[in-house]
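To keep things clear, I will list the structure first and then write my remarks on it.
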There are 2 protein chains.
Amino acid sequence: MSEARNRILETATRLFYTEGIHTVGVDRIIAEAGVAKATFYHHFPSKDELVSAYLTTEYERQRGALSALPGEGVERIRTIFAKLAELSDGPGFRGCPFLNAAAEFADPAHPVRTIVGDYRDWFRGLMRSLLAEAGRADADRTAEFLLLLRDGVTVSGGLGDSTTVHTAVETAVGAVL
Amino acid sequence: MSEARNRILETATRLFYTEGIHTVGVDRIIAEAGVAKATFYHHFPSKDELVSAYLTTEYERQRGALSALPGEGVERIRTIFAKLAELSDGPGFRGCPFLNAAAEFADPAHPVRTIVGDYRDWFRGLMRSLLAEAGRADADRTAEFLLLLRDGVTVSGGLGDSTTVHTAVETAVGAVL
DNA sequence: ACTCTACCAGACAGGTCTGTCTAGTCTCAT
DNA sequence: ATGAGACTAGACAGACCTGTCTGGTAGAGT
């Protein structure tokens, strides 16, 4: 992986996440990453490709972070949601990058939306398999609810209702599991 | 209320909701509303003012729609969420206009974010008062969860997981209430 | 030694954005 | 009938957008 490419992607990640995708221009990324414009377009054929790379990287990062968490079955789910609530309460949290991106790209056929869909499918599948592992008969329905809960946690956390998210999550997870 | 102003606001509502706020330009709204540019700026001093008007109107509309629903206490909450799930399954649904707007306006101090905050405060308060009316001791915590659930429903529904939202909501509402 | 690749700086094109301004029409109340 | 206010059409300014292109530097592999 090239050094300049890394800088571009990291700068884009920071700016896209904290300020939004449409509002951050390529010139700004170039300036803050300290690269030439030609270098930018050498690594990323278009801004859209950079956006896709941003979300794909984020997808892999989150998959890695959740895979590293301990526990099995339902206990693992509890751990995941506790972590999620903790993150959404932290400084600099501005919601889920995938949901924010989806809100900015209205066309469901856009590549960005495909990545968002992939992420959600993965999360839903993870919940389902953990529930099935615990021998829960209603795995499908409950997994769907947990995905929905995940959305709610990140959205609420991102809009500033961070402290109350903890108790809300405990209520929900406790009631359903 | 002026006829031209109405046309502008309705066109903006349609375009902002279905395509996003930043992606829709003033010129496009003017063309589709069939008004002159001077007329537009006569009624709305800036695009931001139009955006605020769009969200304020939407706020009032939703408040009116929910107030019209029947029932009392917990039963009313069930009705509200059933309606919400139904809407989020309908054609042309593209998520919650407030959450979508908040994702596009990253600055928490922006007027748009204030309106979004107002809307959420109102919904939370409505839930709390309905729970208190039913004599629930945990009204605060449960209201917080119901706001979170509302977020999840609109987000999931807007991203195409519409049919499964119904059962997920039933599961959640049933478990908590 | 030579070439290839990554990198730099920055001008440029062509388009779109918001917002202003000129100039003129129509309606209605006084 | 005159003046105010809402409207129309559209040119214009100035900023910003993405993406291309020129021209040049430095290091690494063959």
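Since this is a predicted model, take the numbers as computed values, not measurements. Letters A, B, ... mirror the listed sequences (proteins, then strands); counts begin at 1.
- For A:Ile21 and D:dT18, the CD1 to P distance is 12 Å, given to the nearest whole Å.
- Donor-acceptor pairing under 3.5 Å is recorded for the side chains of B:Glu144 and A:Thr164.
- Residue A:Asp48 contributes atom CG, which lies 13 Å from atom C1' of D:dG19 at whole-angstrom precision.
- Using modelled atom types and a 3.5 Å distance limit, the side chains of B:Ser156 and A:Arg120 yield a donor-acceptor pair.
- In this structure, the side chain of B:Arg76 engages the main chain of B:Leu69 through a donor-acceptor pair within 3.5 Å.
- Closest to the B:Asp27 side chain, of the nucleotides D:dC7, C:dG19, C:dT18, is C:dT18.
- Within the nucleic acid shown, B:Arg7 comes within 4.0 Å of sugar-phosphate atoms alone, with no base atom in reach, counting heavy atoms only.
- For the pair B:Ile30 CD1 and C:dG19 P, the interatomic distance rounds to 10 Å; values are reported in whole Å.
- Residue B:His43 has a polar side-chain atom (N or O) positioned under 4.0 Å from OP1 or OP2 of D:dC7.
- Side-chain atoms of B:Lys37 and base atoms of C:dG19 include a donor and an acceptor less than 3.5 Å apart.
- When rounded to the nearest whole Å, the span between CG of A:Leu15 and P of D:dC17 equals 12 Å.
- Here C:dC21 presents its P atom at 16 Å from NE2 of B:His42, a figure rounded to the nearest Å.
- Which of D:dT18, D:dA6, D:dT22 sits closest to the side chain of A:Ala38 comes down to D:dT22.
- Note on A:Thr39: a side-chain N or O is less than 4.0 Å away from OP1 or OP2 of C:dC8.
- At the phosphate of D:dT18, neither OP1 nor OP2 sits under 4.0 Å from any side-chain N or O atom of A:Ser46.
- Atom pair A:Phe40:CZ and C:dA11:P shows a separation of 19 Å (rounding to whole Å applied).
- Note that B:Arg14 lies outside the cation-pi zone of B:Tyr17, set by a 6.0 Å cut-off to the ring centre and a 45° limit from the axis.
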